[in-house]
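Below: one structure, written as structure tokens.
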Amino acid sequence: MSGKASSSQHTVSFSGSGGLSHVYVQYPPLQCRIPGSRGLYYDDGSKLLLAPTSNQVFSWKTVPFDPHVAPVSDTISEGPILSIRYSLDAKFIAIQRSSQELQIWHRESGGTFSHKCRSESESILGFFWTDCPLCDFVLVKTSGLDLLTCDYESKLLDLVETRRLNVSWYVYTHESRLVLLASGMQCKTFTGFQLSSAGVVRLPRFEMAMAKPEANNKPVLAAEDIYIVTVYGRIYCMQIDRVAMLLHSYRFYRDAVVQQGSLPIYSSKIAVSVVDNVLLVHQVDAKVVIIYDIFADSRAPISAPLPLLFRGFPRSNSSSSRFSGDESAEANIGDHEAIIYGDNWTFLVPDLVCDIANNLLWKIHLDLEAISASSSEVPSVLEFLQRRKLEANKAKQLCLAILRTVILERRPVSMVARAIDVLVSNYSHSIKTGSYLKGIKVEKTSVSSGEHVSSPRSTANISASGIDTLGKSYEHESGTRVEKESFNRSSNISTSDSEDGTHFESLKTTTRSLQKVDKVNILITESVSSEVQPSSSQNQRPGLGNNPLNASISERQELLLTSPAISPDEMYSFVFAPVEEEMVGEPSYLVSVIVEFLRSTNLEKIKVHPNLYVLTIQLLARNERYTELTLFIVNKVLEPSKEVAMQLLESGRQNFQIRKLGLDMVRHLSFHHDYVVLLVQDGYYLEALRYARKHKVNTVRPSMFLEAALASNDSQHLAAVLRFFSDFIPGFRDTSDHHTYHRILSEMNSAIAT
Amino acid sequence: MGLASANTSNEGMQLCVFDLRRGQLEGQELDKILFFFPADLPFSTQLSVIGLSEGLITFTRIFSPEAPCEVIEAERHSHVFYEAEPDIWMVMVVEKSKGLEVIWRIDALREVLKEVHSLFMMFNGSIRAMLEREPSGGVIRSHLYPFIMDYLSDFLVGKKLQLPSFRDCLTERGTVQMLTVGREAAIEVQSLVRVIESCAEAAPCYSLIFFQDLLVSTTVSPDDTINLFTYAVLRLTPRALSSGVSSWSYLRKGSTASHVAAGSTLAQSASVSEHLCRSHDNSPGQDDSYHVKRPLQHGRWAKGKDGFLITDIWGTDITSLITASPTIWLRQTGERMYLCAYQYKGLTLILLLPVSSILNGEQGVSLVKQRVLENASAKMLKVEEKLSKGWGGENAYHVSGYRYLLLDDDRNVSRASPPVKVTTLTKESLLAMNKLREEVDSIKSRAKRDGSEQEKDLEICIRAKNNAWVIAHTTRGKELYMVLEKANETLLYASDAVEKFSNRYCGGTFSLD
């Protein structure tokens with residue numbers, strides 16, 4: 001990493017402290033230069049970057065981010081373009097032509113129609129497409145919201161519902177499905193609507209806090225000061241208070257908006273991004289970024305403020321291109337690099353940066369390696385890494401490496417134990433969520449169990465919630481009713497569940513509706529998606545890659561496939577086995593660590609690979625700690641298995657007691673054949689015969705017993721063994737074994753006689 | 001009246017320790033006597049006991065140089081021999097009387113000798129080494145006398161010494177009783193062990209953990225485990241601490257009177273000890289220069305404020321007024337270790353720190369103690385809670401219908417029916433069991449003499465006169481003794497009962513056919 005950093009340090013002089021950084025943008029960016037372009041538009045609903053020209057629209061897919069993606073073009077008619085968005089199913093293009101007029105374009109046929117405001121007094125502030133079951137198009141006007149459905153057959157947008165209120169400006173992100181409407185003198189009074197697939201939820205009106213600089217000077221809140229942020233499935237709103245130099249955060253619940261505390265800011269210009277559920281607060285003037293992981297209640301930044309870094313920039317190219325002065329891509333970037341956090345940077349939701357001047361789109365990445373290297377608090381670093389989903393594999397590798405290092409460095413066992421706890425409990429949760437995904441049964445029970453405890457409301461409410469939990473979707477009910485009932489229900493559930501279930505939000509989608517950190521309230525997006533999903537919404541819109549709901553589902557599946565969770569098997573092969581090889585000196589430290597690992601897995605009821613037990617036996621035996629090894633086996637700290645038994649027999653060469661433990665284990669596990677063979681090998685051939693007869697083992701060759709009996713030089717025993725086989729194996733008398741040993745026996749007897 | 005005078009030669013027992021390498025010249029015979037009980041016996045009588053023993057040892061050595069003499073059965077006495085160290089012998093003479101109460105098992109008596117010697121070694125090192133350091137023998141005598149007297153005081157019931165008799169045939173001295181723990185608790189215990197042992201940092205140390213009077217975990221060798229277990233149960237566990245009485249008294253009969261008796265005995269024996277030393281010590285001045293530790297003395301351990309057990313047995317540093325930390329010798333490694341005992345509720349914890357690697361002596365020890373408190377307190381709490389939750393109380397290992405003793409010779413672990421349950425057996429059953437155990441003992445010792453590596457399987461079922469089944473079953477280092485009273489009369493029933501017990505409680509060890 002340092003190598004890369006230094007290469008860019010050459011050109012980026014201000015990257016300061018040795019190119020150290022936790023956040024970077026990766027070269028190359030997506031280039032969106034189109035001749036004759038009339039500006040760039042980002043449609044977060046369809047996740048497209050749009051560049052309209054006079055008669056065409058070029059669109060680039062930004063998810064998944066591929067800098068070399070080719071634009072798709074659509075022909076449109078000429079005219080002014082104030083705003084442009086593609087419908088979620090990508091069939092239509094909506095273009096705002098003026099403050100009064102919208103134009104809808106059918107891509108397939110090229111057909112078009114217009115939609116105009118009814119009265120001259122209102123003007124359009126903006127619009128967006130939605131996957132709400134009520135409507136598929138929302139128009140935000142100064143006079144309120146219009147919920148519309150797009151009816152192409154009759155070439156019009158049908159008005160479904162209108163919400164009247166004065167709007168100064170609005171903020172919407174498709175991710176949260178939340179539209180915040182600002183009103184009032186200072187524009188600090190907000191009304192929110194969530195247009196989710198469960199219907200329209202109206203949030204209670206709330207005010208944002210703003211510090212006053214002087215008595216009669218009231219600052220006005222601007223749309224740029226508000227960011228809707230979605231992390232770990234929760235919705236927050238970040239509000240910049242330039243006077244107090246604070247970034248206030250509000251968390252949205254279904255029936256409340258709760259201020260969550262504030263983060264300090266060090267720049268008058270602030271931008272907020274979210275990468276993999278990590279909150280990045282760009283201090284644009286200071287040209288640094290501070291990162292927060294607001295999973296827990298902690299408001300402490302993960303690390304010190306550090307600059308944003310360019311990565312993978314080819315140095316030689318940049319220098320040559322400077323001389324050429326060409327309009328080549330490299331030249332653009334070269335120029336651009338000097339103006340990181342420049343005025344042209346527009347931050348797009350959630351993790352994109354658009355350089356409008358140079359027509360470049362960058363994606364912001366977290367440098368997990370650098371972040372994990374910058375903290376010495378190993379358990380919390382591991383927790384942070386375990387929450388990362390975007391680069392799950394990298395996070396996982398880092399976790400493994402960190403654990404290996406702390407063990408090799410022989411850090412205090414208590415600390416290593418905490419680190420192990422983090423990894424094991426995370427694995428256990430990922431297993432549990434896996435099971436959650438398979439059946440909705442779990443969800444049902446969890447919701448209904450909530451009901452038992454709750455019921456501060458009337459019985460009617462409870463019965464309503466009962467229907468919901470049985471899987472009825474909202475589509476059958478009218479919009480207003482849905483809204484009302486869902487409110488009631490949410491408070492019902494929430495009161496009951498306030499104490500538990502607050503921890504695993506990012507993982508348990510099905511229980512998200514039950515999780516609320518601050519009592520009473522419910523969180524919106526998640527509850528919605530989990531309740532109606534997967535039955536209704538998926539069936540409704542099959543096969544839409546860009547449908548964010550589907551996207552969230554696929555995200556969850558990806559979590560299962562490539563979650564950073566580390567299984568006990570991996571723990572063995574990537575931590576304990578390599579560490580054991582590298583470790584020098586007393587192995588008792590490693591045994592301590594393994595004991596802690598066993599404690600942790602036992603707590604989470606996770607099975608441990610027998611290889612780890614085998615390793616533990618080897619370590620203890622090598623150190624001649626046989627007393628402890630015996631206790632480990634007797635108390636089943638090392639669970640019985642054939643591998644363990646074999647290792648005990650192996651280690652038992654030095655200590656007979658250990659060998660006996662191995663023998664006992666073989667017997668307990670009912671490996672009858674092995675047990676008989678082992679008994680014979682130890683010279684207990686008579687016992688072996690008895691055992692073989694009792695457990696009907698007939699796979700051991702008679703000659704083995706006979707040889708053992710002969711070796712003991714006891715003619716009586718030999719005779720007994722011979723007799724045993726003659727009696728119990730039909731036809732034994734005719735075998736060569738019988739003849740041989742019969743002769744030997746008679747020789748022995750005659751020798752005694754003489 | 002205490003121990004010394006309560007037992008005269010014509011009632012009960014004599015116990016002596018002597019060194020065959022000493023006093024070989026005419027007129028110096030007294031020199032070989034290192035210990036004699038009762039001490040007030042005339043020297044001539046003492047010498048005649050020792051002379052007889054010595055003669056027999058010399059004579060039997062001709063035939064069996066390795067294992068000379070184990071026991072003499074005379075008409076009225078039994079002489080039990082134990083060669084504690086090369087040429088250092090312990091002989092116990094017990095009187096055979098007509099009464100039933102004094103029917104012994106010789107091996108059980110020998111175990112008493114073995115135990116007191118092992119304990120002595122643990123605290124003082126070997127007798128031979130002490131003799132080599134101080135050839136006059138004054139030091140060893142002044143150490144042995146109070147030590148053995150303190151030890152014997154535990155056998156005092158009323159005013160009489162009560163040695164292990166046939167009533168104790170379902171117990172085994174010199175073994176460890178363990179607590180059965182589940183996996184989860186076992187892991188917690190192991191985790192605690194690691195934390196405690198890491199408190200000594202680089203020094204390689206050991207630990208034992210007890211719950212009530214049962215061992216939970218040990219990291220020392222089996223021999224050392226037995227010694228420390230014995231000592232802990234005698235003097236350190238909560239029961240031992242609170243009563244001041246040997247917790248073993250409940251194993252024998254549970255007499256509360258012994259406490260008082262023991263107290264007076266101690267005073268008595270101490271004075272006798274002085275008397276003894278003065279009476280035939282070559283250098284009386286030596287006595288004062290050595291601090292004679294009496295680790296078996298009653299009431300010398302107490303629980304300190306910080307949870308660590310404190311004692312002044314090892315003396316007090318006069319300058320700092322800090323009591324010296326106890327030290328013991330490990331048998332297996334020969335290392336001298338500091339012994340730190342910590343107690344939390346039913347949990348007793350012994351941490352052994354090598355004297356050689358603890359710098360600054362007492363300061364170093366208290367530093368380690370401090371670290372134990374800091375690092376392990378929470379874990380100990382948790383372990384105690386877990387163990388007491390899982391503990392079934394004193395009668396946890398009672399199996400109804402059975403009176404049993406289960407021995408694991410390899411691990412030196414035993415488990416038996418609780419004493420209160422054993423006492424419900426009739427005398428006849430116990431006598432039969434005692435007899436059967438003697439039989440098995442002799443078979444075992446014969447096999448050992450023959451040098452056979454193989455451990456023989458053995459199964460004996462006896463129908464006793466009172467129609468009880470008395471059963472012995474040994475297999476590959478494990479022994480099971482069992483009394484079934486009021487049982488069905490068929491042999492099949494008896495062997496079924498063993499099989500059931502074995503499958504249920506011994507992992508099927510005794511049900512091979």
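Here is the naming used below: chain letters follow the sequence lines, and residue numbers restart at 1 for every chain.
Using a 4.5 Å heavy-atom cutoff, the side chains of A/Glu687 and B/Asp457 are in contact. By the 4.5 Å heavy-atom criterion applied to side chains, A/Leu598 and B/Gln190 are not counted as neighbours. Inter-residue side-chain proximity for B/Lys478 and A/Asp664 is flagged as met; some heavy-atom pair is nearer than 4.5 Å.
Looking at B/Val220, only its backbone comes within 4.5 Å of chain A, counting heavy atoms on both sides. Only the backbone of B/Val216 comes within contact range of chain A, with heavy atoms under 4.5 Å apart. Contacts of B/Ser221 with chain A are made by backbone atoms alone, with heavy-atom separations under 4.5 Å and no side-chain atom involved. Contacts between A/Tyr589 and chain B at a heavy-atom distance below 4.5 Å are absent for every atom of the residue. Residue B/Thr219 touches chain A through both its backbone and its side chain, counting heavy-atom pairs closer than 4.5 Å. Both the backbone and the side chain of A/Val637 come within contact range of chain B, judged by heavy atoms closer than 4.5 Å.
Taking non-hydrogen atoms and a 4.5 Å limit, the residue list of residues 614-634 of chain A in contact with chain B, ordered by number, reads A/Arg625, A/Thr627, A/Glu628, A/Thr630, A/Leu631, A/Phe632, A/Val634.
If you tally non-hydrogen atom pairs under 4.5 Å between each of B/Ala186, B/Pro222, B/Ala185, B/Gly182 and chain A, the highest count goes to B/Ala186. Annotation: maximal heavy-atom pairing with chain A below 4.5 Å, among B/Ile187, B/Val189, B/Asn375, occurs at B/Ile187. The most heavy-atom pairs under 4.5 Å with chain B, out of A/Arg693, A/Glu639, A/Lys636, come from A/Glu639.
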- Query: Can B/Glu184 and A/Leu603 be said to form a side chain to side chain contact (heavy atoms under 4.5 Å, CB included), step by step?
  - Reply: CA-CA 8 Å; B/Glu184 188 174 333; A/Leu603 230 54; 4.2 Å; yes
- Item | Verdict with supporting geometry, B/Glu459 and A/Arg690, salt bridge (charged side-chain N to carboxylate O under 4.0 Å, His left out) | CA-CA 14 Å; B/Glu459 192 174 358; A/Arg690 284 199 287 170; 5.2 Å; no
- Message: Quick one, A/Val591 with B/Arg194, criterion side chain to side chain contact (heavy atoms under 4.5 Å, CB included). Give me CA distance, side-chain angles, the key distance, then yes/no.
- Response: CA-CA 9 Å; A/Val591 174; B/Arg194 310 285 145 185; 3.7 Å; yes
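At distances below 3.5 Å, at least one donor-acceptor pair connects side-chain atoms of A/Lys660 with backbone N or O atoms of B/Arg476. A distance-only check finds no donor-acceptor pair linking the side chain of B/Arg183 to the backbone of A/Leu638 [under 3.5 Å].
Within 6.0 Å of the NZ atom in B/Lys379, the count of heavy atoms belonging to other residues, nucleotides or ligands exceeds 12.
Salt-bridge check for A/Arg659 with B/Asp410: failed, with every basic side-chain N at 4.0 Å or more from each acidic carboxylate O.
Atoms CD and OG, on B/Glu197 and A/Ser592 in that order, are 8.0 Å from each other to the nearest 0.5 Å.
Between B/Ser191 and A/Val595, the shortest heavy-atom distance links the atoms N-CG1, 3.6 Å.
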